[in-house]
Amino acid sequence: MRVEIWSDIACPWCYIGKARFTKGLAEFAHRDEMEVVFRSFELDPHGPKGVTAPVVEMLAAKYGRTLDEARGMEEHVAASARGEGLAYRVEGRDHGNTFDIHRLLHLAAARGRQEELLDLAFRANFAQERSVFEPEVLVALAVEAGLDEAEARTVLADDSAYAENVRADEREAAELGANAVPFFVLDRRYGISGGQPAEVFTRALEQAWAGREVTSPGAADGEACEPDGACAVPRP
């Protein structure tokens, strides 16, 4: 059975949701018979390449909050991440266009190293002081994931390389009705939106495997990020 996951490196709930899905998958009896594929979804596809802004300042401007209020929003998300055993930096992170990251992830998929690069990119963006919007950082992450450095540089230097793969994923997301990420599709029959609790993923996998209709987990429990960059913030 195949699970496809649409996500964006800039989405904190994709970072958290992947960790929860991994925990849920670990409790699934047929986990060794699963194929997990990661698909592209840009939260800010029209953002100019190479232009970044500090996340806290971006949130303050977007929501009309003070910097302290925006920092508090990030602290709440950070608490959810840390509850899953994930490191999360509130200060010092950038926000920007993620198209190049997605193109590199498609190269990684072609070389069988997609999840390795995805995990490294998430960690760099949310847990480490490494900007995933800098080409040299992306090249270093690619090499850490097991990709060839020269090939990674060639892809990043050519804006058309794997561009259609990214766009195809995004068109497919729209056709499937995905309007927020993370978005999980089980066996091309069932969709689950948001960073659901691990046990919800386990139950959904069991239901899909048995050929039963997957019970809707409920939007209230699935925190997600929308295309305009708006992300759900857990209640304090």
Side-chain angles (χ1 to χ4, degrees), residues 1-41 76-89 101-102 105-106 108-128 132 141-142 144-147 169 173 176 178 180-225 231-232 234:
M1 189 167 74
R2 171 183 280 196
V3 176
E4 295 162 276
I5 306 174
W6 273 262
S7 62
D8 192 9
I9 291 299
C11 167
W13 294 115
C14 295
Y15 177 50
I16 296 167
K18 183 180 184 299
R20 291 174 176 174
F21 172 78
T22 300
K23 291 177 181 178
L25 180 62
E27 297 301 316
F28 178 53
H30 302 281
R31 57 188 174 275
D32 293 335
E33 300 172 71
M34 300 293 298
E35 178 188 11
V36 180
V37 179
F38 298 93
R39 303 292 192 192
S40 296
F41 190 106
H76 289 317
V77 178
S80 292
R82 292 162 187 156
E84 302 299 331
L86 300 172
Y88 193 103
R89 290 187 304 122
I101 304 170
H102 286 293
L105 283 165
H106 277 281
R111 301 294 178 262
R113 308 298 295 175
Q114 187 186 42
E115 186 168 9
E116 288 83 355
L117 179 57
L118 181 64
D119 285 339
L120 286 166
F122 271 139
R123 195 174 306 124
N125 188 44
F126 290 105
Q128 301 169 339
V132 294
L141 293 173
E144 289 172 39
L147 298 179
D169 278 357
L176 291 169
V181 285
F183 185 70
F184 303 78
V185 175
L186 282 60
D187 205 27
R188 277 290 156 142
R189 293 182 294 165
Y190 311 110
I192 299 176
S193 182
Q196 303 286 344
E199 58 269 21
V200 170
F201 287 118
T202 303
R203 184 171 67 249
L205 289 166
E206 291 169 347
Q207 291 171 341
W209 185 268
R212 301 195 304 271
E213 182 177 355
V214 174
T215 304
S216 173
D221 295 326
E223 299 97 339
C225 293
C231 296

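Bear in mind the structure is a predicted one, so any value in this text is a computation, not a measurement. Side chains are part of it too, since the values below use all heavy atoms of this structure and drop only hydrogens, waters and symmetry mates. Along the sequence shown, residues carry numbers from 1.
The closest donor-acceptor contact from the side chain of Q114 to the backbone of F38 lies under 3.5 Å. Checking side-chain atoms of R113 against main-chain N and O of A145 turns up a donor-acceptor pair under 3.5 Å.
Interatomic distance, D8 CG to H102 NE2, rounded to the nearest 0.5 Å: 3.5 Å. Taking OG1 of T22 as the start and CZ of F201 as the end, the distance is 9.5 Å to the nearest 0.5 Å. Within the model, atoms CZ of R188 and CG of L176 stand 5.5 Å from one another, a figure rounded to the nearest 0.5 Å. Of the inter-residue distances, the one linking L117 atom CG with I101 atom CD1 reads 9.0 Å to the nearest 0.5 angstrom. Between atom CG of residue L141 and atom CG of residue L118 there is a gap of 11.0 Å, rounded to the nearest 0.5 Å. For the atom pair CE (M34) and CZ (R2), the distance works out to 10.5 Å, reported to the nearest 0.5 Å.
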**Report entry** Pair F21-F184, ring-ring contact (aromatic ring centres under 6.0 Å, His included): steps then yes or no
**Finding:** CA-CA 9 Å; F21 172 78; F184 303 78; 5.6 Å; yes
Requested in this report: Mind running side chain to side chain contact (heavy atoms under 4.5 Å, CB included) on R39 and V185 for me, showing each step along the way?
Outcome: CA-CA 10 Å; R39 303 292 192 192; V185 175; over 6 Å; no
Requested in this report: Could you walk me through whether Y190 and Q207 pass the side chain to side chain contact (heavy atoms under 4.5 Å, CB included) test, one step at a time?
Outcome: CA-CA 10 Å; Y190 311 110; Q207 291 171 341; over 6 Å; no
Query - side-chain hydrogen bond (donor to acceptor under 3.5 Å, both in side chains) assessment of D169 paired with H106 - result: CA-CA 10 Å; D169 278 357; H106 277 281; 3.1 Å; yes
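Heavy-atom minimum distance, I192 versus A204: CD1-CB, 3.4 Å. Heavy atoms only, all atoms of each residue included: P12 and Y88 are closest at CB-OH, 3.7 Å. C14 approaches P182 most closely through the heavy-atom pair SG-N, 3.6 Å. When all heavy atoms of S80 and I16 are compared, the pair lying nearest together is CB-CD1, 4.1 Å. Counting all heavy atoms, side chain and backbone alike, A178 lies closest to F183 at CB-CD2, 3.5 Å. Smallest separation of non-hydrogen atoms from R31 and L25: CB-O, 3.4 Å.
Under the 4.0 Å criterion applied to side-chain N and carboxylate O atoms, E115 and K18 are assigned as salt-bridge partners.
Put simply, the side chain of E223 does not reach to within 4.5 Å of the side chain of V77, judged on heavy atoms.
Using a 30° and 60° split on the angle between ring planes, F122 and Y15 fall in the tilted class, from 30° to 60°.
For E84, the salt bridge (Lys or Arg N to Asp or Glu O under 4.0 Å) partners two or more places apart in sequence, or in a different chain, are R20, K23.
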